[in-house]
Asks: 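My structure is below; once you've seen it, I'll send some questions.
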Amino acid sequence: MAKDFASKEENYSQWYNDLVIKADLAENSAVRGCMVIKPHGYAIWERIQSTLDRKFKETGHVNAYFPLFIPKSFFSREASHVEGFAKECAVVTHYRLKNDPEGKGVVVDESARLEEELVIRPTSETIIWNSYRDWIKSYRDLPILINQWANVVRWEMRTRLFLRTAEFLWQEGHTAHATKEEAILEASTMLGVYADFAENWMAIPVLTGTKSPNERFAGALETYAIEALMQDGKALQCGTSHFLGQNFAKAFDVKFLNRDNQLDYVWATSWGVSTRLMGALIMAHSDNNGLVLPPRLAPVQVVIVPVFKTAEQLALVTEKVQPILRSLESRNISVKYDNRETHTPGWKFSEHEFKGVPVRITIGPRDLEHGTVEIARRDTLEKETLRLTDLENKVVHLLDQIQQNLFEKALAFRENNTFYANTWKEFTDILDSKGGFIYAHWDGTSETEEKIKAETKATIRVIPLNNPVENGKCILTGKPSQGRVVFARAY
RNA sequence: CGGGGUAUAGCGCAGCCUGGCUAGCGCACCUGGUUUGGGACCAGGGGGUCGCAGGUUCGAAUCCUGCUACCCCGACCA
């Protein structure tokens, strides 16, 4: 059943409408292409945030905050950067409203025009490097390892809930280094952090690699990415880490004296993941009953649903539940006791399933009599009855098992949807019939990649790291190639 | 910006072609009762300037004109 739903070639926005909005994750806002993230959705985002934040700090980073508004002139400093973002910037031109002289609400006060327009950040490289110029004089000031949690705005022509919203939440790391090698190491280290998070917390297997020049970040010399496969066979870029070379240092004149007393430009990286990760979670694991959350990211890991007819029965059940709550909480498990009297047990079962709670425990009069509880797992929907005394160990074990199972299921799915194409016909046949990742030879030119995209909508998702050398022929042009790259249709 | 579609209760929709009683249905909401181990049932109830403006007509949700908003497909997209 779940398979049917997930494998449909239908648009995922339908899925969002059916699942996500009802699941209290988000809903469309009045503002074009923006999202309201409701409490349940935000709780998931907070879990993502706190986990990543800890990892950033473990790797030596600190948090800071830079302004939302960026003077327009900053964007013209780095040529390829402005070219990449110019078409999707929201611009602030005025700072005051006034009453409409004709009495029709308020109008923009034309006398309050800004001398220089402000761009609402689509990303913060420019304003951050403008600050770094004053912070860096010597190699002793380096490295700077800063992360920022923020919102950004990109006025995309078409938006899609979670995957491409006009405003989204993210973190952006911006680091400055004395050497090229150190900057490249930083970019690849952070890619590793993202890959670890995706696989071990989100339970989503990812491919890691570099982007082709076409798909590279505007202003970067190299873009590293993690790329995941969704249940409908389309790829989703889940995080990127960029080696920016000295481009931004040159654009913002950030120079330092190195150990040899020589003036040099600083080397840079930037890296980020966004609320798009929540789209990935939904599309990778959900089934027909709603969201399926990996235990390590679930705001509520265990829900306890009492079954009762009378207030006395509820009191008896609650008495049994109290020690369970305490013992699970003492093992750092997030538990919720859903003792609402306004909803029936059946209602609660469905609701918590919808929201993706990994484990559900049911206790009712029958259990009180027998000293048992019923335990149900969200990923397989299996239920079993066990002795109350076995519960604690079972829950701990089950949470691990579910985390593991979700990853393995997603990995098996990816493996079953990864193909090798040696000819153009094989390539297009796979794309049209199955989708998924396709390893194929490419002649290494942008023109060829663009042609392939124009004909099939497939793009190069990653050029795998440590790509094995294999002599072959480009699937489109037949020109020689030394290794396969990964193609897919993507979000 | 091009192509297609939609706008009727909080949500989802029917009615429109072929104008006509008080604009209807499901979900949700409220009240009472019975229920409660997989989204309970019965009875009663509240909620609408039918997207906006104009026109045709004795009469417009329905026909005509204009406008606006939103959705889908494309172009676009770290």
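A note on names: the letters A, B, ... follow the listed sequences, proteins ahead of strands, and every chain is numbered from 1.
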Asks: Could you check whether Arg77(A) makes a cation-pi contact with Phe74(A), meaning its NZ or CZ is under 6.0 Å from the centre of the six-membered ring and within 45° of the ring axis?
Replies: yes
Asks: Using atom P of each nucleotide, how far apart are G51(B) and G12(B) to the nearest Å?
Replies: 14 Å
Asks: In whole angstrom, give me the gap between the C1' atoms of G48(B) and G10(B).
Replies: 12 Å
Asks: Salt-bridged, Arg378(A) to Asp287(A), with N to O below 4.0 Å?
Replies: yes
Asks: Give a yes/no answer on whether the side chain of Lys309(A) brings an N or O atom under 4.0 Å of OP1 or OP2 in U36(B).
Replies: yes
Asks: What integer number of Å spans the C1' atoms of G24(B) and G15(B)?
Replies: 8 Å
Asks: Using the C1' atom as the reference point in each nucleotide, state the distance between A28(B) and A40(B) in Å, no decimals.
Replies: 16 Å
Asks: Measure the distance from CD on Glu450(A) to P on A75(B) and round it to the nearest whole Å.
Replies: 13 Å
Asks: Can you tell me the Watson-Crick or wobble partner of A60(B), both distances under 3.5 angstrom?
Replies: none
Asks: If we take the P atom in both A14(B) and C29(B), what is their distance in whole Å?
Replies: 24 Å
Asks: With RNA chain B as reference, determine whether Thr123(A) or Lys457(A) sits nearer its 5' end, using the nearest nucleotide of each.
Replies: Lys457(A)
Asks: Choosing from U36(B), C77(B), G39(B), which nucleotide comes nearest the side chain of Pro345(A)?
Replies: U36(B)
Asks: Of the options C77(B), G38(B), U36(B), whose atoms approach the side-chain atoms of Thr344(A) most closely?
Replies: U36(B)
Asks: Show, in sequence, the C-alpha distance, side-chain angles and deciding distance for Leu368(A) and Lys320(A), and conclude whether the side-chain contact (heavy atoms from CB on, under 4.5 Å) test is met.
Replies: CA-CA 8 Å; Leu368(A) 292 182; Lys320(A) 265 296 190 254; 3.4 Å; yes
Asks: Say we look at C41(B) and U36(B): how far apart would their C1' atoms be, to the nearest angstrom?
Replies: 12 Å
Asks: When the P atoms of U62(B) and U56(B) are compared, how many Å lie between them, rounded to an integer?
Replies: 15 Å
Asks: What's the CZ-P distance between Arg366(A) and U36(B), to the nearest Å?
Replies: 12 Å
Asks: Checking side-chain polar atoms at under 3.5 Å, does Thr223(A) have a donor or acceptor matched by the opposite partner on His242(A)?
Replies: yes
Asks: Is there a donor N/O on one and an acceptor N/O on the other, under 3.5 Å, for the side chain of Lys383(A) and the base of G38(B)?
Replies: yes
Asks: For Phe85(A) and C77(B), give me the distance from atom CZ to atom P, rounded to whole Å.
Replies: 11 Å
Asks: Should U35(B) form a Watson-Crick or G-U wobble pair with both distances under 3.5 Å, which nucleotide is its partner?
Replies: none
Asks: Is the shortest side-chain N/O distance from Thr362(A) to OP1 or OP2 of G37(B) below 4.0 Å?
Replies: no
Asks: Of the nucleotides C77(B), G37(B), G38(B), which one has an atom closest to the side chain of Glu156(A)?
Replies: C77(B)
Asks: Using ring centroids (six-membered ring only for Trp), state whether Tyr132(A) and Phe252(A) fall under 6.0 Å.
Replies: no
Asks: Rounding to the closest angstrom, what is the interatomic distance between C52(B) and C1(B) at atom P?
Replies: 25 Å
Asks: Hunt down the Watson-Crick or G-U wobble partner of G66(B), both distances under 3.5 Å, from any strand shown, or write none.
Replies: C52(B)
Asks: Record whether the side chain of Glu353(A) comes under 3.5 Å of the base of G38(B) through a donor-acceptor pair of N or O atoms.
Replies: yes
Asks: Nearest-Å distance, CD (Glu374(A)) to C1' (G37(B))?
Replies: 7 Å
Asks: With a 6.0 Å cut-off on ring centres, are Phe56(A) and Trp271(A) close enough?
Replies: yes
Asks: Regarding Arg340(A), tell me which of base, sugar-phosphate or nothing describes its non-hydrogen contacts under 4.0 Å with the strands shown.
Replies: nothing
Asks: Rounded off to whole Å, could you give me the CD-to-P distance for the Glu341(A) and U36(B) pair?
Replies: 15 Å
